[in-house]
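What follows is a short report on a single structure.
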Amino acid sequence: MAYVITEPCIDVMDKSCVEVCPVDCIHYEEGKDRKLYIDPDECIDCGACEPVCPVTAIFAEDDVPDQYKDYIEIDALWYKDADAARARVNELKPPA
Ligand code: SF4
C-alpha cells in the first residue's frame with residue numbers, strides 16, 4: 001500500500017508533505033508539474049504527510065475517495081512516465 005496525492009493538490013502544491021516525509025518519496029518537477037506525486041515503491045505508509053496537507057489531498061490508498069481513485073494510478077505512473085501522468089492530470093482537471 002501507499003499514500004496517494006489527489007486532486008486538491010493540483011495548482012496548490014503547498015509542499016508541507018515534502019518536508020515531513022522521512023524517506024523523501026514525494027517528488028515533482030518545478031515548472032512542469034501541477035501536483036506532487038508519492039512514489040508507491042518508496043512510501044513506507046507512515047502517514048506523516050496526510051495531516052500536514054492544508055487542502056486534504058493525501059489519503060492512504062485504501063481510503064482514497066471514489067472521485068479521486070484515478071490518482072492511485074497517476075501517482076505511480078509519474079515514476080514511469082511523467083509526461084503521461086501530467087496528461088492524465090490535465091484531462092481530469094484542465095488548466096484554468
Ligand atoms: Fe512519505 Fe510517510 Fe507520506 Fe509515505 S506516508 S509519502 S513515507 S510521509
Side-chain angles (χ1 to χ4, degrees):
M1 217 188 65
Y3 277 64
V4 176
I5 300 181
T6 65
E7 187 167 301
C9 183
I10 297 175
D11 299 328
V12 176
M13 295 211 298
D14 171 80
K15 304 185 188 82
S16 296
C17 57
V18 176
E19 317 253 309
V20 301
C21 178
V23 294
D24 291 328
C25 70
I26 306 173
H27 298 280
Y28 65 101
E29 205 173 325
E30 192 74 57
K32 282 196 158 186
D33 281 303
R34 296 173 61 210
K35 72 180 281 293
L36 310 179
Y37 301 87
I38 291 174
D39 184 343
D41 294 332
E42 298 292 325
C43 174
I44 58 169
D45 280 325
C46 73
C49 53
E50 189 256 311
V52 301
C53 177
V55 293
T56 317
I58 306 178
F59 299 90
E61 189 175 326
D62 288 347
D63 297 332
V64 173
D66 281 348
Q67 73 267 34
Y68 297 151
K69 292 268 191 232
D70 286 336
Y71 291 91
I72 299 171
E73 206 182 297
I74 291 172
D75 269 17
L77 178 61
W78 191 86
Y79 290 88
K80 298 186 177 82
D81 184 344
D83 283 337
R86 290 173 187 134
R88 297 271 320 267
V89 166
N90 287 338
E91 270 166 35
L92 289 171
K93 187 170 182 181

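Both counts, for ligands and for their atoms, begin at 1 and track the order of listing. What's counted below: heavy atoms across the whole structure, side chains too, no hydrogens, waters or symmetry copies.
Atoms of ligand 1 found under 4.0 Å from any heavy atom of C49 (numbered from 1 in listed order, with element): 3 (Fe), 5 (S), 6 (S), 8 (S). Residue V23 has at least one heavy-atom neighbour below 4.0 Å for each of these atoms of ligand 1: 7 (S). Remark: ligand 1 atoms within the under-4.0 Å shell around heavy atoms of I38 are 6 (S). Remark: ligand 1 atoms within the under-4.0 Å shell around heavy atoms of P22 are 8 (S).
Summarising the geometry, atom NZ belonging to K69 is positioned 11.0 Å from atom OG1 belonging to T6; distances are rounded to the nearest 0.5 Å. Rounding to the nearest 0.5 angstrom, the gap separating the CG atom in D81 from the CZ atom in R86 is 9.0 Å. Annotation: the span from I10 atom CD1 to K93 atom NZ amounts to 6.0 Å, rounded to 0.5 Å. Once rounded to the nearest 0.5 Å, the distance linking CD1 of I58 with CG of D63 reads 13.0 Å.
The protein heavy-atom contact nearest to atom 2 (Fe) of ligand 1 is C46 SG, 2.3 Å. Summary of contacts: the protein heavy atom closest to atom 1 (Fe) of ligand 1 is C21 SG, 2.4 Å. Protein heavy atom at the shortest distance from atom 5 (S) of ligand 1 is G47 N, 3.2 Å. For atom 7 (S) of ligand 1, the closest heavy atom belonging to the protein is I44 N, 3.4 Å.
Not one N/O/S atom of C25, from backbone or side chain, sits under 2.8 Å from atom 2 (Fe) of ligand 1. Within the 2.8 Å limit, C43 places at least one N, O or S atom next to atom 4 (Fe) of ligand 1.
Both Y68 and Y37 are members of a single hydrophobic cluster when ILVMFWY side chains are connected at heavy-atom separations under 4.5 Å.
A salt bridge does not link K32 to D83: none of the charged nitrogens lies less than 4.0 Å from a carboxylate oxygen.
A donor-acceptor pair under 3.5 Å is formed between the side chain of D75 and the backbone N or O of I5.
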